[in-house]
Amino acid sequence: MDRAEARKTIEQLREALLQHDYLYYVLAQPEITDTDYDKKLRELENIEKQFPDLIVPDSPTQRVGGMLVGAFPSVPHRSPMLSLTNAYNENEVLEWDDRLRKALGITEFNYVTEPKIDGVSLSLIYENGVLVRGVTRGDGDTGEDITLTVRTIRSIPLRLRPPFPTFFDVRGEVYMDRKDFARMNTQLEKQGEESFANPRNAAAGSLRQKDPAVAASRPLRFLVHSFGVAEGLNWANHYDFLKACTVMGLPVPPYNQRCDTVMECMRHCRFLERERDSLAYDIDGAVLKVNDFRLRERTGSTHKSPRWAIAYKFAAQQGLTQILDIKASVGRTGTITPVAKLKPVSVGGVTISSATLHNFDEIKRLGVKIGDPVIVQRAGDVIPKVLKVVEEQRTGKEKVFQVPEECPVCDSPIAKEKEIEVAYRCTNPGCPAQLMRGLLHYASREAMDIDGMGEALVNQLVERKMIRDIADIYSLTKKDISRLELYADKRTDNLLKALQRSKTRALSRLLFGLGIRHVGEKAAYVLAQQYRTMPALMEATEPQLRAIHEVGPVMAKSLVSYFGFPTTRTVLNKLRRAGLTMEEKVAEVKGPQLLAGKTVVFTGELESMSRSEAEAKVRQLGGNPTGSVSAKTDLVVTGNAPGSKFTKARKLGVKVLTEKEFLAKYDGQQN
Ligand code: IVH
């Protein structure tokens, strides 16, 4: 493909992708499947890789373009981000309406009633239609610059469709759909990470992620509700503003209703309250706003909130009950989670008999004792939680809950890991609860896919102490298995065959199956593609791992610490001896092996790829990337500010290419 052709295709793909984002996020009417969307995105990525100078910041591929940032820089808001006055009943809403009429000296005006999305406020700055900054609310006057994270949110357009204001500070709420939230929490738990208490916390926590790649993996969404500054374009009222946002490609919540009277507003509030469970996301009330912008100017704002709007808060979905007991449960990676067993209580039509206490710090924070009268809260599909203790109703018979010092399953000591998180874990990698869950995960379809290795079998193997670690499954004999309950001959044979088959599974599946904390399915794939063999990966250092696009500091640390454990080494050695191949075939070797047998060295700072990506490319072409230049080196590739390796290459007469030349010559052949 030549340059002109590339430019044209890039433009077409970008336009198509932006159009599909709009159809999906703004109109909620997607016209292509997610797979087709991803295909187009990958196609664009490939062409941009060949012509890196054609990449622009608002290309759909640039959503995760940033590097890790330290602290978030402070940014002042040009117009303060205020909050809303709350009304807890109809009367308070009517009083607000009376105050407005008196202040304005008129009796009739329009309102807009909207759902109050339970998320996190965000200000987006667009200059000439291009997203330049995303800023948190902060203290209302100054927020934090979280642009890199914000760019990863797919429902936020990187470029607006005209007509748009020349300078636009548009505001809205970042949130998570309840379904996405539940899926993400399950995934986090699977990876041995701390889960979030509710979608709001999850949205807030994800926005604060320092690593944009982690933020990108979180299902964040955005909906517009207001603006701070709009220069060069005026609207007469809020309803027109919302309509204009839709045209610009900004997502606006459904169920915004224009109302002629305050009673009509109340009717819509009650409608939203009835429907709250059927919405995809949590709402905690409705917001009533004066529609006309000129009237808004006349009412003005206090230093905290505008007089022209009020939040009507819904009754929370809470109930009063009693904690009968607190039990600790052990997860796959040993995390111990306290769960409150409750006297069954009906909350919003659903009977609740247990609620999560998240972690032991939460028990301390709440001051919860066994036997305590407590208020529990249910929010949509989320697991109910204990909100607070009703101390006035204590009888004095409540018992303090002792944080267990030993694992409830294997009696091994429990340790609190402060370094990365605040979770308590069972320190015994051979804990039966961990082994059971870990083995089920290892055998699961996405990992080693061992047919027949289900819960009944795994429980028996662990309980009868027939296995002490995952690798032991490969030493099971026909006799061992047929001794188990419900294991007829045929099933035994099938299981042995399935075990045999699993030995040749790709390294990526094994890595995922081992259940290394913070390493999910995708990361396992990326790591395996990069390192190809287990010994190579085991030798990787933290900085090398962090240089990989998908690997953040937490994952890098976790990998190095995992491979540093003597028990890990024992298990991996056992697996190797059992005959596991532990290798990854590199995907899509399309082009010829242009660098077959050649030794390649990179020096200087590469622009379009990380060092490990560049090395992976060399391997893919059959070459051998190494670290130092010698007479045997075939090729040296230079990035910015190349060092002594470059000088040495010159001295030895080794062939030298710039990064661009290298890509043009070798990368282009690949796609
Ligand atoms: S209007 C202050 N509309 O609620 C006027 N806010 O407690 C601008 N919120 O900080 C906000 N849904 O982040 C507005 N439909 C909605 C909203 C909404 C949620 C948030 C917003 C604000 C907070 C106020």
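Both counts, for ligands and for their atoms, begin at 1 and track the order of listing. As the structure is a computational prediction, the values presented were derived from the model and not from experiment. Quick note: numbers below take in every heavy atom, side chains included, and nothing from hydrogens, waters or symmetry partners.
Side chains of Ser206 and Arg218: a donor-acceptor N/O pair is present below 3.5 angstrom, by distance only. His268 and Glu114 form no side-chain donor-acceptor contact under 3.5 Å, judged by distance and modelled atom types alone. No side-chain donor-acceptor contact under 3.5 Å links Ser74 and Glu144.
At a 4.0 Å cut-off, not a single heavy atom of Ser305 sits close enough to ligand 1 to count as contact. Ligand 1 is never approached by Ala309 to a heavy-atom distance shorter than 4.0 Å. Using a 4.0 angstrom heavy-atom cutoff, Ala311 does not count as in contact with ligand 1.
Summarising the contacts of atom 24 (C) of ligand 1 with Thr85, Leu84, Asp284, Val112, the nearest heavy atom is found in Leu84.
Atoms of ligand 1 found under 4.0 Å from any heavy atom of Lys289 (numbered from 1 in listed order, with element): 1 (S), 3 (N), 14 (C), 16 (C). Near Lys116, meaning under 4.0 Å from one of its heavy atoms, ligand 1 places the atoms 4 (O), 7 (O), 12 (N), 19 (C). Within ligand 1, the atoms closer than 4.0 Å to a non-hydrogen atom of Ser121 are 10 (O), 13 (O), 21 (C), 22 (C), numbered from 1 in the order shown.
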Donor-acceptor pairs under 3.5 angstrom involving side-chain atoms of residues 81-90: please list them, not counting sequence neighbours.
unit_1 : atom_1 : unit_2 : atom_2 : d
Thr85  : OG1    : Ser305 : OG     : 3.1
Asn86  : ND2    : Tyr88  : OH     : 3.3
Asn89  : OD1    : Asn91  : N      : 3.2
Asn89  : OD1    : Glu92  : N      : 2.9
Glu90  : OE1    : Arg270 : NH1    : 2.9

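Contacts between Glu114 and ligand 1, counted as non-hydrogen atom pairs separated by less than 4.0 Å, involve the side chain only. Neither the backbone nor the side chain of Arg171 has any atom closer than 4.0 Å to an atom of ligand 1 (non-hydrogen atoms only). Heavy atoms of Val287 found under 4.0 angstrom from ligand 1 belong exclusively to the side chain. Here Pro115 has backbone heavy atoms under 4.0 Å from ligand 1, and that is the only part of it that gets that close.
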Assess the residue pair Arg221 and Glu173 against the criterion (salt bridge (charged side-chain N to carboxylate O under 4.0 Å, His left out)); give the C-alpha distance rounded to whole Å, side-chain angles, the decisive distance to 0.1 Å, and a yes or no. CA-CA 8 Å; Arg221 289 170 189 264; Glu173 212 70 3; over 6 Å; no
Just do the salt bridge (charged side-chain N to carboxylate O under 4.0 Å, His left out) check on Asp180 and Arg183 with the steps written out, would you? CA-CA 5 Å; Asp180 289 339; Arg183 215 175 296 136; 3.5 Å; yes
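Residue contacts with ligand 1: Arg137 is placed with no nitrogen or oxygen under 3.5 Å of a nitrogen or oxygen of the ligand (distance criterion only). In terms of N/O distances under 3.5 Å, ligand 1 is not approached by Trp308. Residue Ser83 has no N or O atom closer than 3.5 Å to an N or O atom of ligand 1.
Among all non-hydrogen protein atoms, the one lying nearest atom 17 (C) of ligand 1 is His225 CD2, 3.4 Å. In terms of protein heavy-atom proximity, atom 2 (C) of ligand 1 is nearest to Leu82 O, 3.4 Å. With respect to atom 8 (C) of ligand 1, the closest heavy atom belonging to the protein is Ser226 OG, 3.7 Å. The protein atom (non-hydrogen) at minimum distance from atom 12 (N) of ligand 1 is Ile117 N, 3.1 Å. At the top of the distance list for atom 20 (C) of ligand 1, counting protein heavy atoms only, stands Glu173 OE1, 3.4 Å.
Cation-pi geometry between Arg78 and Phe167 is met: under 6.0 angstrom from the ring centre, within 45 degrees of the axis. A cation-pi arrangement is present between Arg258 and Tyr239 under the rule of less than 6.0 angstrom and at most 45 degrees off the ring axis.
Looking at heavy atoms from C-beta onward, Phe241 lies in side-chain contact with Val224 at the 4.5 angstrom threshold.
Between Tyr37 and His20, the two ring planes are perpendicular [angle over 60°; tilted spans 30° to 60°].
When the options Glu31, Arg14, Arg161 are evaluated for a side chain to side chain donor-acceptor pair (under 3.5 Å) with Gln19, the one that passes is Arg161. Applying the side chain to side chain donor-acceptor pair (under 3.5 Å) test between Glu362 and each of Lys364, Arg365, His358 identifies Arg365 as the sole match.
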